[in-house]
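Working notes, structure below.
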Amino acid sequence: LSMMVHSYASGAELSWHRDSGVLGGYTFFAHRDWHHMWGGNLLIADPSTSFEGIRVSKKPHKNTDLKDSFGKLYSARGVTFDHDLEKEVLFDPGYGQYIMAKPNRLVIIANNIFHKVERIDAAAGMNNRVSLTGFFE
């Protein structure tokens, strides 16, 4: 079992990714308060979504700069998908689930399920979405 702490400020998000090579992962929402209008939901692609053929790049996409390099346009491991191909793949079937960032909620995600953290809205102000995450290995 591993554990990391993440704090997402207004404007931050985590791009689509999957946790492979582990049994599964978890997220525990550790913030004290959260409003449903602040974003930060955990988005989970339908398991029938096939990400076969998507290649990742360690180079930033055009129109990105250093301030985008953590928790905004890049995934947890510093790689990004080809956004045009990602859009095409996500639109087939084009649905999934979301889980609100309710304080003290524990979410367990199976291995190889694509998911992301929705962008934190500016309405969150100085409130950060804080989570403990990790993997079952």
Side-chain angles (χ1 to χ4, degrees):
L1 184 68
S2 63
M3 184 173 66
M4 299 168 277
V5 178
H6 299 278
S7 181
Y8 295 88
S10 176
E13 71 177 320
L14 184 62
S15 65
W16 287 100
H17 66 284
R18 68 180 173 190
D19 304 324
S20 57
V22 296
L23 296 174
Y26 69 90
T27 296
F28 176 76
F29 299 116
H31 39 263
R32 291 182 189 206
D33 186 34
W34 199 252
H35 195 279
H36 70 281
M37 305 258 319
W38 293 348
N41 296 310
L42 179 60
L43 307 181
I44 302 171
D46 187 81
S48 68
T49 304
S50 173
F51 281 75
E52 297 304 316
I54 288 188
R55 296 170 14 140
V56 297
S57 169
K58 292 203 179 238
K59 296 181 180 181
H61 292 285
K62 60 185 174 184
N63 302 322
T64 63
D65 59 29
L66 187 59
K67 72 177 192 259
D68 296 318
S69 65
F70 181 75
K72 290 191 178 185
L73 297 177
Y74 292 86
S75 74
R77 291 192 168 82
V79 296
T80 55
F81 294 122
D82 175 321
H83 288 193
D84 292 331
L85 180 57
E86 181 182 52
K87 179 179 80 171
E88 183 180 319
V89 167
L90 284 168
F91 280 5
D92 182 20
Y95 52 81
Q97 297 179 344
Y98 74 94
I99 299 172
M100 292 184 141
K102 181 179 177 181
N104 296 318
R105 173 174 275 168
L106 175 65
V107 181
I108 298 175
I109 301 173
N111 184 29
N112 285 320
I113 298 294
F114 276 83
H115 56 282
K116 74 171 286 183
V117 174
E118 177 186 42
R119 184 178 304 273
I120 307 300
D121 193 89
M126 299 300 292
N127 296 287
N128 284 10
R129 177 193 181 274
V130 179
S131 57
L132 304 175
T133 64
F135 306 106
F136 303 104
E137 301 182 51

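Since the model is a prediction, treat every value here as computed from it, not as a measurement.
Taking the six-membered ring where the residue is Trp, Trp34 and Trp38 present perpendicular rings, their angle passing 60° and hence far from 30°.
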Tell me, with the steps shown, if Val107 and Leu42 meet side chain to side chain contact (heavy atoms under 4.5 Å, CB included). CA-CA 9 Å; Val107 181; Leu42 179 60; 3.8 Å; yes

I would like to know whether Leu132 and Phe29 meet side chain to side chain contact (heavy atoms under 4.5 Å, CB included); could you show each step before the answer? CA-CA 7 Å; Leu132 304 175; Phe29 299 116; over 6 Å; no

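Within the 4.5 Å cutoff, the side chain of Leu1 has heavy atoms near those of the Tyr26 side chain. Looking only at side-chain heavy atoms (C-beta outward), Arg32 and Pro103 stay at 4.5 Å or farther from each other. In this structure, the side chains of Tyr8 and Leu14 come closer than 4.5 Å at one or more pairs of heavy atoms. Counting heavy atoms from C-beta on, the side chains of Leu43 and Trp16 come closer than 4.5 Å.
With hydrogens and angles disregarded, a donor-acceptor distance shorter than 3.5 Å links the side chain of His31 to the backbone of Val130.
Summarising the geometry, atom CG belonging to Asn128 is positioned 13.5 Å from atom NE2 belonging to His6; distances are rounded to the nearest 0.5 Å. Separation of atoms NZ (Lys102) and CG (Asn41) is listed at 13.0 Å; rounding is to 0.5 Å. Distance CE/Met4 to OG1/Thr133: 4.0 Å, rounded to 0.5 Å. Atom-to-atom distance recorded for Asp121:CG and His36:NE2 is 11.0 Å, nearest 0.5 angstrom.
Legend: residues meeting side-chain hydrogen bond (donor to acceptor under 3.5 Å, both in side chains) with Asn127, ordered by chain and number and at least two apart, are absent. For Asn111, the side-chain hydrogen bond (donor to acceptor under 3.5 Å, both in side chains) criterion is met by no residue, not counting sequence neighbours.
The number of heavy atoms from other shown groups lying within 6.0 Å of CZ (Phe136) is above 12.
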